[in-house]
Amino acid sequence: MKKRVLLLSAICLLSQCAVVYGEGEAEQEKQPWLVPYEETVEMHIANAESTTAEWAQEGDDVTNNVFTRAYKDWLNVDVITDWVSADYDESLNLAIASGDLPDVFLANNVQYTQLVEAGMLEDMTDVFEENLSDFAREQYDAVPAVVDAYRVDGRLYGIPTLYYGDIDKPYYMWLRKDWMEELGVSAPTTIDEMMSIIEQMNEKYGTRGIAEDKTLDNLLGIACAWHAYPGIWVEDEDGHLVYGSIQEEMKQVISTYADWYARGLINPNFAVQDSEAVKTDVINGKYGAQPFLQWWGWHAGTNVVEATGNNNSYFLPYAVPSVDENPVLYPLVFPNEKVLVVRKGYEHVDAAVKLMNLHLYVDSEAVKDGLIDVNDFHYYTTTINFLPFNVKPTMGDYNGYYQAIEYKKTGDPSVFTYSGNLDKCTTAEAFLNSGDTSGTIGGMLQMYHAQCAYSIGAGIVERDEFKRDAMWGAAPEVVNSYGSTLDDLLLEGFTLIITGQQPVEYFDTLVEAWKAAGGDEMTAAVNEMYRK
Amino acid sequence: MKRKSSFWKDFKKQWYYYAMVTPVIILVFIFSYLPLYGLVIAFQKYNPALGFRSAWVGLDNFIFLFKQPNFVRTIWNTLYIAVLKIAGGILVPVTVSLLLNEVRNARMKHMFQTAVYLPYFLSWVLLAGVLMDILGTDGIINQTLKQLGLGSVNFLGNAKIFPWTMIVSDIWKNFGFGTVVYLAALTGIDPGLYEAAVVDGAGRWKQTVYITLPQLTPTIVLMSVLALGGVLNAGFDQIYNLYSPIVFTTGDIIDTYVYRLGITQAQYSIGTAVGLFKSAVSAVLICSSYYLADRFTGYRVF
């Protein structure tokens with residue numbers, strides 16, 4: 001610890017030298033934003049509570065930790081936490097109502113719109129452009145559409161905190177590896193082949209078809225195989241925006257699912273089970289197939305391996321085959337949830353941007369540059385989540401996949417830009433080489449295994465096989481006012497059709513009910529706001 | 001004039017009583033009456049950034065709510081489930097406490113009483129998990145039914161059965177509490193009445209019908225009047241943790257519906273409108289049931 005403090009103060013000195021003597025120090029040339037303020041900048045923030053943090057020192061907590069010290073030591077910014085809440089959005093609403101805002105904080109999309117309307121935020125357009133680090137710029141340049149969604153009359157009143165990239169979003173069909181090998185089947189190229197594998201698993205291993213729960217999330221996730229896009233807005237031939245869940249393709253999807261259900265190819269109890277109950281059954285070997293996102297390994301994978309005691313019993317992801325010759329386009333809802341904003345009247349808007357740079361820097365090169373001891377790194381990664389400056393690298397996972405390939409070839413750990421990805425690969429190696437299940441196999445199935453999720457996902461990103469939600473940004477007010485009730489109406493109807501309590505024709509009745517219940521009103525509002 | 005002066009005379013004599021009750025009145029005013037002001041947001045398009053200065057929209061929130069095609073269905077479901085819960089929640093504990101009262105063995109009586117009281121202390125979040133395991137299609141009940149050759153019953157997934165699952169499980173969970181209340185009322189009955197009845201030649205049954213039940217009536221009326229106030233609360237905790245889209249037709253109640261309508265986007269106005277609507281209905285019900293209780297049994301709380 002003492003060593004680190006020395007190191008830090010040395011760097012502070014160096015950076016001050018850099019200010020005085022200009023471009024004397026190569027290290028500082030790389031990070032021009034990493035220059036401490038001459039006078040201490042005071043900044044009040046608000047935090048969500050953390051359940052994951054590992055504290056580096058005795059007495060550390062949400063308000064005082066490795067990051068608050070880094071802010072002070074590296075940039076001379078004194079960050080003071082005004083309040084911490086487990087129910088952050090609710091607390092922030094109260095703070096907005098009382099007008100007593102922190103200097104810098106995170107708002108959700110609805111709050112952002114309200115705050116901009118009320119004129120309570122600083123304009124960040126120029127400060128954002130001027131103070132962004134190169135690395136941060138790379139992340140924002142990858143997703144210009146996300147940044148633009150926050151512009152109001154061309155001005156930016158907040159900075160989206162981004163997400164882990166489009167590569168995160170597609171659903172795959174996960175199939176159990178050892179059973180596929182025993183059955184002697186290979187990767188399915190058509191939906192019929194896929195279902196035949198699941199049927200064989202049912203017969204041979206007594207499984208219950210596709211693991212699904214009452215939300216229908218998993219099955220709706222692979223509806224894109226039929227070019228149906230439930231839950232997002234799409235453009236029809238005339239350029240009108242229409243809701244994907246009520247289109248003709250969706251009827252075909254639901255009728256197919258009803259057929260599967262009747263043939264025992266979908267969990268017979270899906271209508272009443274929640275995802276936890278289904279997960280328990282997946283772990284207990286009652287399923288060999290589950291449509292899921294790239295993080296299935298974290299969801300159930302490690303537990304399956306532990307429960308079976310068989311290191312070959314994990315599932316592997318397969319791209320869902322298209323019903324016709326057209327490629328599958330994966331639905332992409334507007335991915336950004338939080339915006340970093342600055343209260344009107346706060347002077348150091350640039351400090352907020354710099355702290356954001358700092359977070360991305362910690363996530364990437366700070367260890368390599370020697371600012372963080374590699375043994376202390378996990379204190380940073382576990383603490384990072386709840387702080388408002390936590391910007392996620394949109395290119396992190398995509399680059400990580402290719403860096404993992406490089407690493408497998410060369411064994412050189414320095415290929416990784418994000419240290420988190422190195423962890424994923426070393427735990428994967430420990431599992432594959434010595435059957436060590438003490439770590440998770442999530443990382444292995446995400447980006448290390450030859451048949452990992454990103455081996456499919458990277459191609460999807462490169463070919464840009466995405467269907468972006470036409471409602472790209474905050475929803476119109478009327479959409480919010482219906483909450484989830486309109487989707488629930490459809491979910492109820494889909495469930496009745498799939499379980500055979502209603503005929504397929506009921507779909508048309510359902511669509512009419514949806515329109516009458518407010519769907520028409522919603523469609524008009526979305527068209528007014530987003531139609532080009 | 002005369003009355004006023006007598007008040008002041010009383011006040012001078014008893015000022016310390018008034019002094020003692022003042023803090024309570026202040027607290028009740030601050031925490032129970034002042035927040036009533038917040039009800040205005042039921043008539044506003046509430047924006048947290050503007051607070052109570054939000055735009056005034058009159059009855060729009062209520063109209064929006066009643067225009068929802070499924071909202072009326074939830075009112076019916078709520079009443080159906082709640083009324084049966086209240087009825088069962090009186091019948092069952094009264095019967096059980098009458099039976100328990102006849103048990104001679106004090107040890108058995110206490111053991112039974114404790115056993116039925118236990119589930120009352122568990123939260124629905126916990127019990128829901130247990131019930132799902134017990135009532136599921138491969139749960140212990142359905143396995144037994146299958147072995148008896150009776151076929152399985154989808155307690156949680158069949159829209160016809162679901163409300164009854166809710167009613168029965170709720171009564172099962174809560175009847176221990178009612179039993180304690182009624183047992184306490186039973187011990188308060190003057191033994192002289194029973195002695196007189198025995199002298200008149202009344203057996204156990206006649207004693208129950210002509211002495212125990214009439215003596216219990218005030219407690220039963222009190223419990224019913226109190227329960228009626230909650231007739232629009234069909235049990236959010238329980239239903240939210242056990243329902244699924246497949247039973248929305250019969251199982252979706254006002255509270256769960258409003259939860260889905262409002263909670264995701266922090267819609268304070270709609271939430272308040274529903275709360276106000278429920279309170280108004282409850283107030284009418286409490287007043288009328290209180291009036292009826294007074295009318296037919298001559299029982300008054302105040």
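From a predicted model like this one, the values you see are computed outputs, not experimental measurements.
- Proximity to chain A involves both the backbone and the side chain of B:Leu156, based on heavy atoms less than 4.5 angstrom apart.
- Ring geometry, B:Tyr240 versus B:Tyr259: the interplanar angle exceeds 60°, so the pair is classed perpendicular (tilted spans 30 to 60°).
- Under the 3.5 Å distance criterion, the side-chain polar atoms of A:Asn267 are matched with a main-chain donor or acceptor of A:Glu212.
- When heavy atoms are compared at a cutoff of 4.5 Å, A:Gln273 does not approach chain B at all.
- Contact annotation for B:Phe64: only side-chain heavy atoms (C-beta onward) come within less than 4.5 Å of a heavy atom of chain A.
- Contact of A:Leu489 with chain B is made through the side chain alone, with heavy-atom distances under 4.5 Å.
- Within the 4.5 angstrom heavy-atom criterion, atoms from both the backbone and the side chain of A:Leu491 approach chain B.
- Aromatic ring orientation, A:Tyr88 versus A:Trp83: tilted (interplanar angle from 30° to 60°).
- Ring-plane geometry between A:Trp514 and A:Tyr243 is classed as parallel, the angle between the planes falling under 30 degrees on a 0 to 90 degree scale with a further cut at 60.
- Taking the six-membered ring where tryptophan is involved, the planes of A:Tyr261 and A:Phe270 are perpendicular, since the angle between them exceeds 60° and thus also 30°.
- Here the two rings, on B:Phe71 and B:Phe66, have centers that are under 6.0 Å apart.
- Interface check for chain B: of the options A:Leu496, A:Asp488, A:Thr499, the most heavy-atom pairs under 4.5 Å are formed by A:Asp488.
- For A:Asn269, the part lying under 4.5 angstrom from a heavy atom of chain B is the side chain only.
- A:Phe494 and A:Phe507 have parallel rings, their planes meeting at less than 30° on a 0 to 90° scale where 60° marks the start of perpendicular.
- In this structure, chain B has no heavy atom under 4.5 Å from any part of A:Thr215.
- For the options A:Leu216, A:Leu486, A:Val272, heavy-atom pairs under 4.5 Å to chain B are most numerous at A:Val272.
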